[in-house]
Amino acid sequence: MPAVTEPKVEETPDARAETELAPLYLVICWNDPVNLMDYVTHVFQRIFGWPRAKAEKHMLEVHETGKSLLVKEPFERAEHYVHQLQAYNLQATMERFQ
Amino acid sequence: MKVTEVTDASITLEFTPEEAEFFKLVLLSYPLTLDQPKQISRFAESAEIEDANELLAISLREQTFSHKRKLEAWLKSKTVWKSRQNRFLLVVSNDDREWLLQILNDIRIGSWMKMGCPDPIEPEEPDSSTPKSTYYFYMNIAAYIQALILNPEHNQPS
C-alpha cells in the first residue's frame, strides 16, 4: 500500500468565523476490522463531498494508523457529522480540540 | 447474483429464485446493531456530551425504524423486484442506494458481532451446525452485495 501522509484537517470558513466564539471539536474516524475499504471511502465522499482521492487518503489513514482526523468544527456541526458517520455504522466520534 | 445494467439513475442486479429468497432472508435480519451502545465521544466529558449521547441514540433508533419500514415496503414492490425468465431483477435506484448500503452494513457488522467479533475478519467457515454459520453467510452476502452496489461498473459482464 502507498505511504500515508498526515492529512490536513480541514476547517471550513464557517468554522473559522466561529473559532473565536466557541471551542472546536475534531471529528475522528476510528479503525475497525469489519467495514469494507470501498464503503468507508464512499461514506467520506458522500458526507463531506470530497473527491475520491482525498476520501481514499483518509480511509487508508484509518486503516493503517487506527484513526483519521476528518474535520475540525464547532460543537453542533461536529455533532452533525458524527451522526451522519454513525448512521453508516462507522466508528466516528468528536473530541475537544485543545 | 450479478449486475446486469448500470444507468445514471439505477443499478439492476439479477438473482436466481433461490438467491433472491436468500437475499430477502438476509435483509429481513435487519437491524442487528440497534442495541449496541452509541457514543458521540471517547474522551470528552460534559453535560453537553451526555445530552449529545442521548440525542445520537434517539436519532439512530429513529433512522433504524424508518429504514425497516422502507425495507419492508421495498421488498414487496413490483417496480423494485421484477420477474423475468426464471430470474429476478432487483432495481436499486439512486434514491434507495444509500439506505440499502446502510442496512447491508448493519447486517455485516451485526453478524460479525454475533460471531464474537473475529479479528482478522475472514475466519474459516464455521461448522454449519452452529449458529455462527448463519451469521458468517449473512456477513459475506451483505459484503458481496455492498461491493456490487459500490462498484457496479467493475461487476458487469463483459
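In what follows, every heavy atom counts, from backbone to side chain, and hydrogens, waters and symmetry copies are set aside. Naming: A, B, ... by sequence-line order, numbering from 1 per chain. Computed from a predicted structure; not experimentally measured.
- Put simply, CG on D32(A) and CH2 on W112(B) are 6.5 Å apart, with the number rounded to the nearest 0.5 Å.
- Ranked by heavy-atom pairs under 4.5 Å with chain B, the first of H83(A), R96(A), Q91(A) is H83(A).
- Taking non-hydrogen atoms and a 4.5 Å limit, the residue list of residues 94-104 of chain B in contact with chain A, ordered by number, reads R97(B), E98(B), L101(B), Q102(B).
- In this structure the side chain of W30(A) reaches within 4.5 angstrom of the side chain of R42(B), judged on heavy atoms.
- Residue-environment remark: NZ (K70(B)) exceeds the threshold of 12 foreign heavy atoms within 6.0 Å.
- Contact count against chain A (heavy-atom pairs under 4.5 Å) is highest for Q63(B) among Q36(B), Q63(B), H67(B).
- Residue contact with chain B, scored on non-hydrogen atoms closer than 4.5 Å, is absent for A78(A).
- With respect to chain A, the highest number of heavy-atom pairs below 4.5 Å among E48(B), K38(B), Q39(B) belongs to E48(B).
- Remark: K24(B) NZ is packed, more than 12 non-hydrogen atoms of other residues, nucleotides or ligands lying under 6.0 Å away.
- The choice from L150(B), L56(B), D119(B) that makes the most heavy-atom pairs within less than 4.5 Å of chain A is L56(B).
- Atom NZ of K132(B) has 12 or fewer heavy atoms from other residues, nucleotides or ligands within 6.0 Å.
- Atom CD1 of residue I109(B) and atom OH of residue Y39(A) lie 7.0 Å apart, to the nearest 0.5 angstrom.
- One finds the CG atom of L55(B) at 5.5 Å from the CD atom of E79(A) (value rounded to the nearest 0.5 Å).
- Both L28(B) and M113(B) are assigned to one and the same hydrophobic cluster, defined by single-linkage of ILVMFWY side chains at heavy-atom distances under 4.5 Å.
- One hydrophobic cluster holds both L60(A) and W50(A) under the rule that ILVMFWY side chains link at heavy-atom gaps under 4.5 Å.
- One finds the CD atom of Q86(A) at 7.0 Å from the CD1 atom of I40(B) (value rounded to the nearest 0.5 Å).
- Considering OG of S41(B) and CD of E95(A), their distance stands at 3.5 Å, rounded to 0.5 Å.
- No other option in L36(A), T41(A), V43(A) has as many heavy-atom pairs under 4.5 Å with chain B as L36(A).
- Atom CG of residue D38(A) and atom CD1 of residue I149(B) lie 13.0 Å apart, to the nearest 0.5 angstrom.
- Both I141(B) and Y144(B) sit in one connected hydrophobic cluster of ILVMFWY residues. Membership requires side-chain heavy atoms under 4.5 Å apart, directly or through other members.
- Checked by atom type and distance alone, the side chain of N105(B) pairs as donor or acceptor with a backbone atom of Y88(A) at under 3.5 Å.
- Follow the hydrophobic side-chain contacts under 4.5 Å out from L34(B) and you never reach Y30(B); the two are in separate clusters.
- M1(B) and V91(B) end up in different hydrophobic clusters when Ile, Leu, Val, Met, Phe, Trp and Tyr side chains are linked at under 4.5 Å.
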